[in-house]
Number of protein chains: 2
Amino acid sequence: MVRKPTSKETARKPNMREAILAAAEELFATNGFNAVSVRDIAQAAGANPGSVTYHFKTKDGLLLEIYRRHCGPMNLRRSELLAAAKRVRDLQDRLEAVVRAYVAPAFTSGSDLAGGGARFTRLRAVMSAEGNEVARKIIAQTFDDTSHAFIDAIHDSLPHVPRTDIVWRSHFLLGALYYSLVTPDRVSRLSRGEADGSDAASAIEQLVQASVAAFQAPALDQAAPARRRPVVSSKT
Amino acid sequence: MVRKPTSKETARKPNMREAILAAAEELFATNGFNAVSVRDIAQAAGANPGSVTYHFKTKDGLLLEIYRRHCGPMNLRRSELLAAAKRVRDLQDRLEAVVRAYVAPAFTSGSDLAGGGARFTRLRAVMSAEGNEVARKIIAQTFDDTSHAFIDAIHDSLPHVPRTDIVWRSHFLLGALYYSLVTPDRVSRLSRGEADGSDAASAIEQLVQASVAAFQAPALDQAAPARRRPVVSSKT
DNA sequence: ATGTGATTTGTACTATCGTACAAAAGATCA
DNA sequence: TGATCTTTTGTACGATAGTACAAATCACAT
């Protein structure tokens with residue numbers, strides 16, 4: 001808010017503002033918005049509750065700033081990756097490259113803003129599930145452009161599949177991605193320890209392969225007529 | 001809690017207990033657990049806040065009871081549908097039938113307990129995203145059996161795909177299913193009105209077709225060697 | 001009708017919430 | 001050093017949270 005670049009404004013001290021943002025991001029992403037109090041965040045950041053009010057005015061303002069900080073670099077990075085993927089000549093390779101460009105940045109760890117990062121992606125998943133108003137507004141006006149770009153790119157690789165189907169499948173992809181970040185332990189549990197749901201590389205490969213196959217599925221209108229639809233009835 | 005079947009215990013009056021359960025289910029499913037107060041629930045049910053305490057003791061107890069009421073009938077119904085699906089002889093038809101048996105009950109509307117229903121499924125999605133403790137315990141001890149049964153059934157139809165891959169893909173399926181129930185409007189928006197994300201029939205068909213294709217994807221270990229992995233780099 | 005147990009109501013208690021604000025502390029430059 | 005600005009601290013306030021509980025009300029068997 002306050003503009004005053006006195007001398008070295010870069011990280012004057014341990015930089016409380018950043019610590020608060022990081023702590024809030026982590027707590028919101030794992031517990032949801034309402035389950036976390038401003039005091040929880042302050043404590044996790046080693047700050048005073050009043051500091052949060054000072055830097056971000058309100059709790060909503062804090063969430064807003066988390067989104068703001070990520071969206072720019074993340075969308076930039078994504079459009080770079082998408083542009084590179086679209087340059088792949090082979091149609092099938094291109095599809096996979098595009099899907100990978102969509103999936104991979106969501107799993108990056110650490111604090112690199114550019115990637116978007118697993119933490120911020122998980123935050124978005126949780127906010128979306130909670131129907132958070134602040135998040136809803138930002139998402140509609142910031143992420144839809146990127147989503148459309150990816151949908152178009154995928155549609156270019158699969159011209160025979162109607163755009164509507166692509167939209168549905170990309171929606172499923174995002175849901176799968178979100179869920180993988182939200183409950184990775186479930187994968188470990190259901191595979192009886194044979195798979196590690198927390199392993200980003202595995203998650204990316206599995207998700208890319210499964211999604212590519214899903215995108216390549218025949219169009220819905222054409223799927224049915226050739227084969228009879230199996231009808232199932234229980235004996236209730 | 002209290003056992004006393006005096007005369008007609010079935011719906012003596014408007015039945016407050018049921019109204020509270022229904023209201024809580026709806027509110028929790030759309031706003032999350034912590035965003036909804038006991039007073040909100042009481043008001044939505046046309047009840048007094050004290051009534052909630054009387055019937056369910058605590059807010060956690062209320063959530064617990066919501067789960068309890070659904071889990072039994074829902075798992076029963078699911079195993080019926082699964083058993084019927086496993087009777088399909090053709091291998092590919094059986095796969096689709098099994099997936100459909102998994103997906104369809106999650107989208108049933110109305111208040112039929114058996115189906116599980118869209119509302120309860122959405123509730124589970126939101127609780128899962130919020131990392132709700134009450135839900136986490138119930139899920140691990142109630143849903144994992146059903147999940148394993150479905151995973152095994154799918155694996156039977158796809159013996160050449162490692163179980164680990166099936167687990168991942170079924171995880172993606174559940175994530176996609178959850179997300180479709182949480183933000184159906186996103187589908188409508190991204191398709192520019194061409195698709196209706198709230199239409200259960202469309203969602204089911206799209207999800208079944210996409211998931212079947214995903215399950216049928218080649219095993220991960222075998223996917224790479226035959227084809228070169230497209231490597232993409234941005235110019236950053 | 002009356003007594004009895006099951007509900008519903010109204011209210012109150014304590015804890016914690018988000019936020020405000022004055023004072024203290026720290027930093028920067030004349 | 002002293003003036004000025006930014007940041008941190010400590011505390012407090014009103015609102016609302018979950019829950020408890022006594023009183024009122026209801027349903028029904030006798």
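Below, all heavy atoms of this structure are taken into account, side chains as well, without hydrogens, waters or symmetry copies. Chain A is the first sequence line, chain B the second, and so forth, proteins listed ahead of strands; every chain is numbered from 1.
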Does the side chain of His55(B) pick up a donor-acceptor pair with the side chain of Glu65(B) at under 3.5 Å?
no
Should the pair Arg124(A) and Phe120(A) be classed as cation-pi, given the thresholds of under 6.0 Å to the six-membered ring centre and 45° from the axis?
yes
Between dT7(D) atom P and Phe56(A) atom CZ, what is the distance in whole Å?
11 Å
Side-chain N or O of Ser37(B) versus OP1/OP2 of dA17(D): is the shortest distance under 4.0 Å?
yes
Review item, nucleotides 11-13 of chain D N/O atoms under 3.5 Å of protein N/O:
| from | atom 1 | to | atom 2 | distance (Å) |
| --- | --- | --- | --- | --- |
| dA12(D) | N6 | Arg39(A) | NH2 | 3.4 |

Name the nucleic acid region contacted by Ser51(A), choosing base, sugar-phosphate or nothing; use a 4.0 angstrom heavy-atom cut-off, strictly under.
base
How many whole angstroms separate atom NZ of Lys59(A) from atom C1' of dA17(D)?
13 Å
Does any donor atom in the side chain of Ser51(B) or Asn48(B) lie under 3.5 Å from an acceptor atom in the other side chain?
no
Roughly, in whole Å, what's the span from CZ in Arg17(B) to P in dC26(D)?
22 Å
Please state how far atom CD in Gln43(B) lies from atom P in dG10(C), giving the value in whole angstrom units.
13 Å
Take Ser188(A) and Asp185(A) through the side chain to side chain donor-acceptor pair (under 3.5 Å) test and state the conclusion after the steps.
CA-CA 5 Å; Ser188(A) 309; Asp185(A) 53 290; over 6 Å; no
Just how far, in rounded Å, is P of dA27(D) from CG of Asn15(B)?
13 Å
Would Asp152(B) and Arg163(B) pass as an ion pair if we require N to O under 4.0 Å?
yes
Whole-Å distance, Asn34(B) CG to dG18(D) C1', equals 12 Å
Aromatic contact between Tyr178(B) and Tyr179(A), with the criterion being ring centroids under 6.0 Å apart: yes or no?
yes
Is NZ or CZ of Arg78(B) both nearer than 6.0 Å to the six-membered ring centre of Tyr102(B) and within 45° of the ring axis?
yes
Verify the contact: side-chain N or O of Tyr54(A) to OP1 or OP2 of dT8(D), cut-off strictly under 4.0 Å; return yes or no.
no
Tell me the interatomic distance from Leu62(A), atom CG, to dG18(C), atom C1', rounded to whole angstroms.
12 Å
Roughly how many Å is it from NE2 in His55(A) to C1' in dG18(C), rounded to a whole number?
17 Å
